[in-house]
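Note sheet for the following structure.
Counting from 1, the numbers follow the sequence of the chain as shown.
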Amino acid sequence: MTKRLLTILVLVGAISTGFAQTKEELKSEQAAKKDSISALQGQVDALQKQIDHFPGWKFGAFGTIGASFSNFNNWYAQGTPNNSAGNITITANPHAKLDREKYFWYNTANINLSWVKFDDKDDPTDDDSFRESSDVFNVTSLFGYKIAKNLAASTLGEYRTTLINNFNNPGYLDLGVGVTWTPVENLVVMVHPLNYNFVFADNNDIFESSLGAKVVANYNRSFGGVKFNTNLSAFMSYKDSDLSNWTWINSLSYTVWKGIGLGFELGLRDSKQEALNYAFGNWDSTGTDPQPNFDNVDNSVQVYTTFGLSYNF
């Protein structure tokens with residue numbers, strides 16, 4: 001009996017040792033394959049870098065898609081127990097860029113559209129349709145002829161408006177010439193001291209075209225699954241500072257699986273003409289408040305943020 005028990009213990013020990021050895025061997029093999037993957041990834045990244053620097057057209061885009069829907073019936077814990085709500089958001093940042101030995105042509109766009117609705121089922125008079133909550137459309141085309149390694153004579157066309165509501169009212173078209181500086185990779189700084197800002201609007205008493213200077217700075221970067229783009233566009237009117245404006249848009253996306261990931265966008269804008277137009281549209285002429293003008297209008301910085309699922313092309 002003792003001899004049999006001893007035999008069983010020896011067999012169990014041998015099996016355990018065999019499993020331990022097999023596990024260590026598997027870990028060693030796994031580590032070797034991970035090293036191989038890292039080496040191959042380094043080669044892939046090096047090839048991608050060569051592709052990115054190859055002259056010719058380069059196309060790309062990334063954006064954010066977000067949606068949420070809810071429906072409540074007899075949910076008495078809230079103030080509106082019977083309601084349905086929804087939110088839809090779409091952003092896109094496409095680009096088409098051509099880089100040659102003597103010249104370049106960069107084309108970019110930024111689109112941000114969203115709709116919201118809140119339907120109180122107990123109120124037959126409320127608006128139960130989707131309404132726009134953000135509406136941004138901006139397209140830029142920059143052409144440059146290289147006069148030095150990091151400097152080019154350039155001309156710019158930039159158009160900005162809304163798409164869902166009040167299309168081209170206002171609408172802005174910038175046309176100008178100057179120089180473009182590319183000090184480091186992925187950074188483009190444009191300074192055009194001769195630029196005309198065409199403004200299209202129904203209210204010509206507030207919106208006015210003028211001559212001025214245009215400054216645009218754009219930086220984009222990709223590393224791993226992250227894509228980042230920031231763009232600052234400013235117009236400084238020579239006629240009156242009240243006619244100046246600037247827009248700064250920052251976009252970020254993180255790819256999790258096959259181009260799908262998370263996206264975030266932050267937009268800031270300052271335009272005294274738009275602030276005055278909004279204030280004038282909401283002014284009660286029969287009340288005691290003074291008529292809005294450039295001197296008394298509350299010109300707060302305009303802000304929008306978007307977060308949701310993203311997709312990279």
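Judged by distance alone, with hydrogens and angles left aside, the side-chain atoms of Lys272 form a donor-acceptor pair with the main-chain N or O of Phe294 at under 3.5 Å. Between the Asn82 side chain and the Lys121 main chain, no donor and acceptor come within less than 3.5 Å of each other. At distances below 3.5 Å, at least one donor-acceptor pair connects side-chain atoms of Asn293 with backbone N or O atoms of Asn296.
Ion pairing of Arg221 with Glu185 is absent here, as no side-chain N (NZ or NE/NH1/NH2) approaches a carboxylate O to less than 4.0 Å. With salt bridges taken as basic N to acidic carboxylate O contacts below 4.0 Å, one links Asp99 and Lys146. Contact check on Arg269 versus Glu274 returns a salt bridge, with a Lys/Arg side-chain nitrogen under 4.0 Å from an Asp/Glu carboxylate oxygen.
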Inset, instruction - Could you please spell out the steps behind the side-chain contact (heavy atoms from CB on, under 4.5 Å) verdict for Thr180 and Leu151? - result: CA-CA 6 Å; Thr180 295; Leu151 195 66; over 6 Å; no
Legend entry - Leu211 vs Tyr238, side-chain contact (heavy atoms from CB on, under 4.5 Å): CA-CA, chis, key distance, verdict: CA-CA 6 Å; Leu211 182 69; Tyr238 293 146; 4.1 Å; yes
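Phe264 contributes atom CZ, which lies 11.0 Å from atom OG1 of Thr91 (distance to the nearest 0.5 angstrom). Note that CD1 of Ile90 and CG of Asn112 are 10.0 Å apart. Values are rounded to the nearest 0.5 Å. Distance check: Tyr103 OH to Ser154 OG gives 16.0 Å after rounding to the nearest 0.5 Å. Within the model, atoms CG of Asn93 and CD1 of Ile249 stand 8.0 Å from one another, a figure rounded to the nearest 0.5 Å. Once rounded to the nearest 0.5 Å, the distance linking OG1 of Thr108 with CG of Asn231 reads 6.0 Å. Here the CG-OG1 distance, from Asn250 to Thr230, works out to 3.5 Å after rounding to the nearest 0.5 Å.
Grouped by direct or indirect side-chain proximity (heavy atoms under 4.5 Å, Ile/Leu/Val/Met/Phe/Trp/Tyr only), Leu142 sits with Phe104, Tyr106, Leu156, Val188, Met190, Val216.
Heavy atoms from other residues, nucleotides or ligands lying under 6.0 Å from CH2 of Trp105 number 12 at most. Tyr278 OH: 12 or fewer foreign heavy atoms inside a 6.0 Å radius. Within 6.0 Å of atom CH2 in Trp248, 12 or fewer heavy atoms from other residues, nucleotides or ligands are found, so the atom counts as exposed in its surroundings. Counting non-hydrogen atoms of other residues, nucleotides and ligands closer than 6.0 Å to CH2 of Trp246 gives a total above 12. Annotation: Phe228, atom CZ; neighbour count of heavy atoms from other residues, nucleotides and ligands within 6.0 Å is above 12.
For the pair Phe200 and Leu173, the minimum side-chain heavy-atom distance is below 4.5 Å. Taking 4.5 Å as the limit, every side-chain heavy atom of Asn150 sits out of range of all side-chain heavy atoms of Pro183. Residues Asn71 and Asn73 form a side-chain contact, since some pair of their non-hydrogen atoms from C-beta on lies under 4.5 Å apart. Side-chain contact between Glu132 and Thr162: absent, with no pair of heavy atoms (C-beta onward) separated by less than 4.5 Å. Taking 4.5 Å as the limit, some side-chain heavy atom of Ile206 sits within range of a side-chain heavy atom of Phe280.
Partners of Asn197 according to the side chain to side chain donor-acceptor pair (under 3.5 Å) rule, which considers only residues two or more places apart in sequence or in another chain, are Asp174.
Counting only N and O atoms by type, the side chains of Glu265 and Thr305 include no donor and acceptor under 3.5 Å apart. Asn168 and Tyr159 form a side-chain donor-acceptor contact under 3.5 Å, judged by distance and modelled atom types alone.
Looking at every heavy atom in both residues, Thr80 comes nearest to Asn83 through O-ND2, 2.9 Å. Contact between Leu113 and Asp135 at its shortest, heavy atoms only, is CD2-OD1, 3.4 Å. Heavy atoms only, all atoms of each residue included: Phe207 and Gln273 are closest at CA-OE1, 3.2 Å.
Judged by the 6.0 Å distance and 45° axis criteria, Arg160 is positioned over the aromatic ring of Tyr172.
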